[in-house]
Amino acid sequence: MRFSSYNMVCNIDNKRYVYNSISKSVLQLQIGCEIDFEDDNLCDVENLFNKKQCLSLQNNGFIIEDDFDELKSLEYIYKKNFFDSSELTLILTPTFECNFSCPYCFEAPQRKTKTSKNYFDVLKKYAYKNFKNYRHVELSLFGGEPLLLYSQFNDMLEYTKKLSGQYGFDYSTSIVTNGSLITENIVDSLIKHHCRTLQITLDGGKESHDKTRKFKNNKPSFDMLIRIINEKLEKYFEDSNSEFYLRINLNNNSVMELKETLLKIKKELRKYIIVSIRVVYNTETYSNKNKNTIDELKEFYDTAASLGYKLSNNRYYNRSCEACCDEKVFYITPDLGIWKCINTMSLENGKIGYINENGDMIIDAKRMLEWYSAADCFDEETCVKCKRLPDCFGGCILHKSVYGKRACTPFDMTSLSYFYD
Ligand code: SF4
Ligand code: SF4
Ligand code: SF4
């Protein structure tokens with residue numbers, strides 16, 4: 001037997017850990033341990049351990065059979081998932097309008113994009129022709145602020161429910177919202193339409209949040225969002241199929257600030273809340289250097305865990321900026337464009353087609369192929385040799401597509417939260 005090629009020795013907070021990026025298992029090394037867990041050429045490693053240790057190391061993926069091809073198995077699983085055509089996710093983005101005015105909003109430059117008058121009618125035609133071909137359809141509500149158009153979204157969800165009854169496919173929804181427009185009726189409707197994930201973002205502590213995530217009229221939103229989380233989401237929390245993500249954007253915040261924020265949420269609700277800690281992304285219109293370090297991030301995670309929150313170990317979210325589209329995921333923009341990534345729309349690399357008046361997807365095959373080539377990290381020598389491949393899968397596809405090279409997603413973003421699994 002030998003060590004997995006995906007064992008990584010990490011020094012965090014003066015402690016040494018071995019982390020396996022395939023199994024996501026973590027092992028803390030005793031002081032003085034001299035075994036080189038990263039040496040995948042070492043033979044007969046089972047002799048270094050007693051039987052019980054060996055079994056546990058094997059079960060957790062640190063030790064593997066000599067002839068097991070980890071890379072090939074990874075590539076198989078990745079591509080099987082990439083080309084899986086049994087599920088469809090449409091990220092509906094009918095508007096880039098929002099009632100907030102966050103300075104880093106990547107959609108701000110697109111605010112003036114007009115919503116096609118036929119947006120939802122065309123979408124229904126597409127749904128009628130195509131949804132029956134899938135085992136599962138997810139309509140993800142995105143924006144701008146999706147709740148500005150909730151009645152249209154709700155109508156689309158009702159129509160999907162009807163088709164689902166007629167043709168026997170499953171459907172679900174999910175929503176990324178700033179949270180300010182959530183009402184009990186909306187929560188009921190989200191539950192009715194099988195909402196799997198709801199995400200609300202806070203920017204660090206009250207002070208930093210109210211500076212950046214404020215309403216268009218400059219009014220602060222922190223207290224209002226805390227109130228909504230504490231008072232309006234109880235039914236949603238109790239729905240066992242639904243997950244609630246509290247995304248906390250770091251922008252040079254202290255552990256104390258974060259703790260104060262987390263303490264504001266009722267103790268009994270925390271067990272339902274998955275905390276996802278990220279940095280504020282720089283966008284076309286916003287550039288700020290976040291100085292929070294990996295040791296601090298560990299402290300943030302420790303604090304959230306000690307207060308009773310769950311920590312995000314969503315493999316899809318952890319990969320990059322949580323919206324990367326594989327084969328079966330498409331954004332539908334206000335003009336009925338089909339995009340794989342809308343984070344920088346001035347770069348049209350992510351635009352692969354549109355939906356026409358008849359509800360047919362017209363795909364630009366050349367663009368689609370270019371996007372797939374940029375996504376295919378198994379074609380990249382550095383990625384193929386990288387121990388973080390199973391967490392990062394080649395990083396931002398748009399970056400590779402535009403600049404021809406990979407942007408490695410940092411370890412703390414892709415991997416650290418698995419330490420709390
Ligand atoms: S809440 Fe979201 S969509 Fe609205 S301005 Fe802020 S980042 Fe943009
Ligand atoms: S392609 Fe890059 S910018 Fe676009 S969603 Fe993926 S990680 Fe984000
Ligand atoms: S992009 Fe960088 S970190 Fe990600 S798999 Fe490739 S080499 Fe590794």
Side-chain angles (χ1 to χ4, degrees), residues 5-6 8 21-22 71 74-75 78 91 93 95-111 141-149 175-181 199-203 209 211-216 221 225 247 249 278 280-286 316-326 329-331 339-352 370-372 374-403 405-415:
S5 305
Y6 296 93
M8 297 162 63
S21 58
I22 291 190
L71 182 62
L74 258 187
E75 183 174 357
Y78 177 81
I91 307 180
T93 312
T95 181
F96 291 128
E97 285 300 326
C98 188
N99 54 344
F100 278 17
S101 60
C102 314
Y104 48 74
C105 183
F106 65 83
E107 289 169 345
Q110 317 300 330
R111 284 275 138 75
L141 314 187
F142 204 70
E145 172 46 48
L147 294 182
L148 289 173
L149 294 182
I175 181 165
V176 177
T177 167
N178 64 32
S180 63
L181 299 171
Q199 179 178 298
I200 292 179
T201 300
L202 298 174
D203 281 358
H209 178 98
K211 261 190 211 145
T212 46
R213 284 185 90 75
K214 53 190 174 189
F215 286 91
K216 266 182 176 168
S221 68
L225 294 181
R247 175 180 165 140
N249 277 336
R278 314 295 263 182
V280 167
Y281 301 126
N282 288 336
T283 62
E284 281 179 289
T285 51
Y286 185 78
Y316 183 65
Y317 283 7
N318 276 16
R319 246 167 65 180
S320 39
C321 61
E322 77 255 352
C324 257
C325 292
D326 46 30
V329 183
F330 305 100
Y331 286 88
W339 291 69
K340 300 302 278 181
C341 164
I342 59 167
N343 279 15
T344 315
M345 290 181 74
S346 58
L347 303 167
E348 291 218 338
N349 303 52
K351 182 171 186 183
I352 52 132
E370 280 167 5
W371 189 260
Y372 169 64
D376 187 7
C377 48
F378 292 91
D379 212 16
E380 191 91 34
E381 211 187 329
T382 45
C383 295
V384 165
K385 288 184 183 154
C386 174
K387 285 184 180 294
R388 294 207 290 114
L389 178 66
D391 283 346
C392 166
F393 286 112
C396 173
I397 302 169
L398 184 66
H399 191 279
K400 168 71 181 171
S401 170
V402 173
Y403 302 108
K405 56 182 182 188
R406 299 275 163 198
C408 299
T409 318
F411 172 84
D412 46 354
M413 197 161 145
T414 56
S415 316

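In listed order, ligands and their atoms are each counted from 1.
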* Asked: Do you see an N/O/S atom of Cys105, backbone or side chain, under 2.8 Å from atom 8 (Fe) of ligand 1?
  -> yes

* Could you list the atoms of ligand 1 found under 4.0 angstrom from a heavy atom of Asn178? => 1 (S)

* Run down the list Ser21, Gly395, Cys386 and name the one with the heavy atom closest to atom 7 (S) of ligand 3. => Cys386

* Asked: Can you tell if the side chain of Leu147 reaches within under 4.5 Å of the side chain of Asn99, non-hydrogen atoms only?
  -> no

* To do: Within a distance under 4.0 Å of any heavy atom of Cys392, pick out the atoms of ligand 3 and give their elements.
  => 1 (S), 3 (S), 4 (Fe), 5 (S)

* Asked: With distance as the sole criterion, is a donor-acceptor pair present between the side chains of Thr414 and Arg388 under 3.5 Å?
  -> yes

* For Phe100, is the NZ or CZ atom of Lys216 found under 6.0 angstrom from the centre of its six-membered ring and inside 45 degrees of the ring axis? -> no

* Asked: Would you say Gly394 touches ligand 3, if touching means a heavy atom closer than 4.0 Å?
  -> yes

* To do: Just let me know how Glu145 lines up against ligand 1, side chain, backbone, both or neither, with a heavy-atom cut-off below 4.0 Å.
  => neither

* Structure fact -> for atom 2 (Fe) of ligand 3, nearest protein heavy atom and its distance come out as Cys408 SG, 2.3 Å

* **Expected output: side-chain Lys387 to main-chain Ser5 donor-acceptor under 3.5 Å** => yes

* Asked: Quick one: does ligand 1 sit under 4.0 Å from the side chain of Glu97, the backbone, both or neither, non-hydrogen atoms only?
  -> neither

* Asked: Heavy atom of Arg111 under 4.0 Å from ligand 1?
  -> yes

* Asked: Hey, is the main chain of Val329 close enough, under 3.5 Å, to the side chain of Lys340 for a donor-acceptor pair?
  -> yes

* Asked: Which bit of Cys98 is near ligand 1, meaning a heavy atom under 4.0 Å away: side chain, backbone, both or neither?
  -> side chain

* To do: Taking only heavy atoms of Asn343 into account, list the atoms of ligand 2 that are under 4.0 Å away from them.
  => 3 (S), 8 (Fe)

* To do: Could you tell me how the ring of Phe142 sits relative to the ring of Tyr331: parallel (under 30°), tilted (30 to 60°) or perpendicular (over 60°)?
  => perpendicular

* Please write down residue, atom name and distance for the protein heavy atom closest to atom 6 (Fe) of ligand 3. => Cys383 SG, 2.4 Å

* To do: Please tell me if the side chains of Cys98 and Glu107 come closer than 4.5 Å, counting only heavy atoms from C-beta onward.
  => no

* **ligand 3 atoms in contact with Arg388 (distance to a heavy atom under 4.0 Å)** => 3 (S)

* By number and element, which atoms of ligand 1 are closer than 4.0 Å to a non-hydrogen atom of Arg213? -> 1 (S)

* Asked: Once you round to the nearest 0.5 Å, how far does CG of Leu202 lie from CZ of Arg247?
  -> 11.0 Å

* Does any non-hydrogen side-chain atom of His399 lie less than 4.5 Å from one of Lys405? -> yes

* To do: Say whether Ser221 and Asn178, considering side chains only, have a donor N or O and an acceptor N or O under 3.5 Å apart.
  => no

* **Sub-4.0 Å atoms of ligand 2 with respect to non-hydrogen atoms of Cys396** => 1 (S), 2 (Fe), 3 (S), 7 (S)

